[in-house]
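All remarks here apply to the structure that follows.
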Protein chains: 2
Amino acid sequence: MDIKKEFGKRLNQLRKDRKMSQEKLAELSELNRPYISAIEQGKRNVSLEVISKLAQALDIEIKQFFEA
Amino acid sequence: MDIKKEFGKRLNQLRKDRKMSQEKLAELSELNRPYISAIEQGKRNVSLEVISKLAQALDIEIKQFFEA
DNA sequence: TTGTAGACTGCCGTCGACA
DNA sequence: ATGTCGACGGCAGTCTACA
């Protein structure tokens, strides 16, 4: 499957596991909410720095985005 | 350390482990050589699709970029 | 073989607004 | 709480060329 869609699904999963809203994730990651929405739908080709910010916000290591 | 620098160092390490030139890596990943050079020096904020291409070229999984 | 420069196109990431 | 739109500035990624 497309890497963007995979990443988006994983992000959505990790966020929901934490019962966190897109709004809250946007705040913690210092990104904006519509952008988080698009990422979770696999519409955006996010950069390393965005991946890093999201990992920090979710309190995980980057590699966890790419593990089952 | 800065995530871009970390990624660059790791890419350089993985490439050299395989005794591969930047030129060859550029060819396999369908990127261009000057760009590979900049990435390895931590100057570029690469995207998910580029990370994916580099992983394929090196025949590794993406998570290996983010493991020690 | 690698680093660097300049110029270019397209898209990332932002923001306000509406459903 | 989430999806979507439109407009925008800045930078990702390309290419040629030279050290």
Side-chain angles (χ1 to χ4, degrees):
Chain A
M1 186 176 54
D2 169 39
I3 182 64
K4 292 182 292 186
K5 284 218 167 69
E6 280 184 47
F7 185 83
K9 276 194 182 178
R10 187 81 181 113
L11 177 61
N12 181 270
Q13 179 187 4
L14 289 163
R15 178 176 63 81
K16 287 187 172 163
D17 284 350
R18 286 157 181 73
K19 303 186 197 300
M20 189 185 296
S21 67
Q22 289 183 353
E23 176 74 33
K24 183 64 179 174
L25 178 56
E27 177 193 334
L28 292 176
S29 58
E30 299 179 300
L31 296 167
N32 58 85
R33 199 206 29 95
Y35 189 47
I36 301 282
S37 171
I39 295 170
E40 289 192 356
Q41 293 170 76
K43 293 181 175 174
R44 292 295 198 139
N45 183 25
V46 297
S47 76
L48 203 46
E49 293 196 334
V50 164
I51 294 171
S52 177
K53 283 182 175 181
L54 290 171
Q56 278 194 315
L58 292 169
D59 195 29
I60 62 173
E61 296 184 33
I62 292 180
K63 67 174 178 183
Q64 293 183 252
F65 279 125
F66 306 102
E67 289 168 342
Chain B
M1 187 176 52
D2 169 41
I3 183 65
K4 291 182 293 186
K5 285 218 167 70
E6 278 183 48
F7 185 83
K9 277 193 180 178
R10 186 82 181 114
L11 177 62
N12 180 270
Q13 179 188 2
L14 289 163
R15 179 176 62 80
K16 287 187 173 163
D17 284 350
R18 286 156 181 74
K19 302 187 198 300
M20 189 185 297
S21 67
Q22 289 183 353
E23 176 73 34
K24 185 64 180 172
L25 177 56
E27 177 193 335
L28 293 176
S29 58
E30 299 179 298
L31 296 167
N32 58 86
R33 202 211 22 98
Y35 190 47
I36 301 282
S37 172
I39 294 171
E40 289 192 355
Q41 293 169 76
K43 293 180 176 175
R44 292 295 197 138
N45 184 26
V46 296
S47 76
L48 204 47
E49 292 196 335
V50 164
I51 294 171
S52 178
K53 283 183 175 181
L54 290 171
Q56 278 193 315
L58 292 169
D59 195 29
I60 62 175
E61 297 183 33
I62 291 181
K63 67 174 179 183
Q64 291 183 254
F65 278 127
F66 306 103
E67 289 168 342

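Because only heavy atoms are used, hydrogens play no part in the values below, and waters and symmetry mates are left out as well, while side chains stay in. These figures come from a predicted structure and were not determined experimentally. Convention: sequence-line order gives letters A, B, ...; per-chain numbering from 1.
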**Q.** ring pair (Phe, Tyr, Trp, His ring centres under 6.0 Å) partners for A:Tyr35, two or more places apart
**A.** none

Atom pair [atom1]/[atom2] of [X] and [Y] - distance to nearest 0.5 Å:
X: B:Ser47; Y: A:Ile3; atom1: OG; atom2: CD1; result: 10.0 Å
X: B:Ile51; Y: A:Phe7; atom1: CD1; atom2: CZ; result: 8.5 Å
X: A:Leu14; Y: A:Leu54; atom1: CG; atom2: CG; result: 10.0 Å

Identify each atom pair where a protein N or O and an N or O of nucleotides 16-19 of chain C are less than 3.5 Å apart, giving names and distance.
none

Q | Those residues of residues 21-31 of chain A lying under 4.0 Å from DNA chain C by at least one heavy atom | A | A:Glu30, A:Leu31

Q: May I ask you to list the residues of residues 40-58 of chain A, by number, that have any heavy atom positioned under 4.0 Å from an atom of DNA chain C?
A: A:Arg44, A:Asn45, A:Val46, A:Ser47, A:Val50

Report, one line per pair, each donor and acceptor closer than 3.5 Å where one atom sits in a side chain of residues 56-68 of chain B; sequence neighbours left out.
| residue | atom | partner | partner atom | Å |
| --- | --- | --- | --- | --- |
| B:Gln64 | OE1 | B:Glu61 | N | 3.1 |

**Q.** Set of salt bridge (charged side-chain N to carboxylate O under 4.0 Å, His left out) partners for B:Lys53, sequence neighbours left out
**A.** none

Q: Just jot down the salt bridge (charged side-chain N to carboxylate O under 4.0 Å, His left out) partners of B:Glu49, sequence neighbours excluded, or say none.
A: A:Lys4

Q) Over how many whole Å does the gap from B:Ile36 atom CD1 to C:dT4 atom P extend? A) 15 Å

Q) For the pair made of OH in A:Tyr35 and P in D:dG6, what is the distance, rounded to whole Å? A) 19 Å

**Q.** All side chain to side chain contact (heavy atoms under 4.5 Å, CB included) counterparts of A:Glu6, not counting sequence neighbours
**A.** A:Met1

**Q.** Of residues 6-14 of chain A, the positions that come close to DNA chain D - non-hydrogen atoms, cut-off under 4.0 Å
**A.** none

Q. Considering the terminal five base pairs at each end of the helix from C:dT2-D:dA19 to C:dA19-D:dT2, what angle separates the two local helix axes, rounded to 10°?
A. 50°

Q: Only pairs at least two apart or in different chains count here, so list each side-chain hydrogen bond (donor to acceptor under 3.5 Å, both in side chains) that has a residue in residues 20-32 of chain B.
A: B:Gln22-B:Glu40

Q.
Among residues at least two apart in sequence or on other chains, which ones pass side-chain hydrogen bond (donor to acceptor under 3.5 Å, both in side chains) with B:Ser52?
A. none

(Q) Just N and O in the side chain of B:Asn32: are any of them under 4.0 Å from OP1 or OP2 of D:dT14? (A) yes

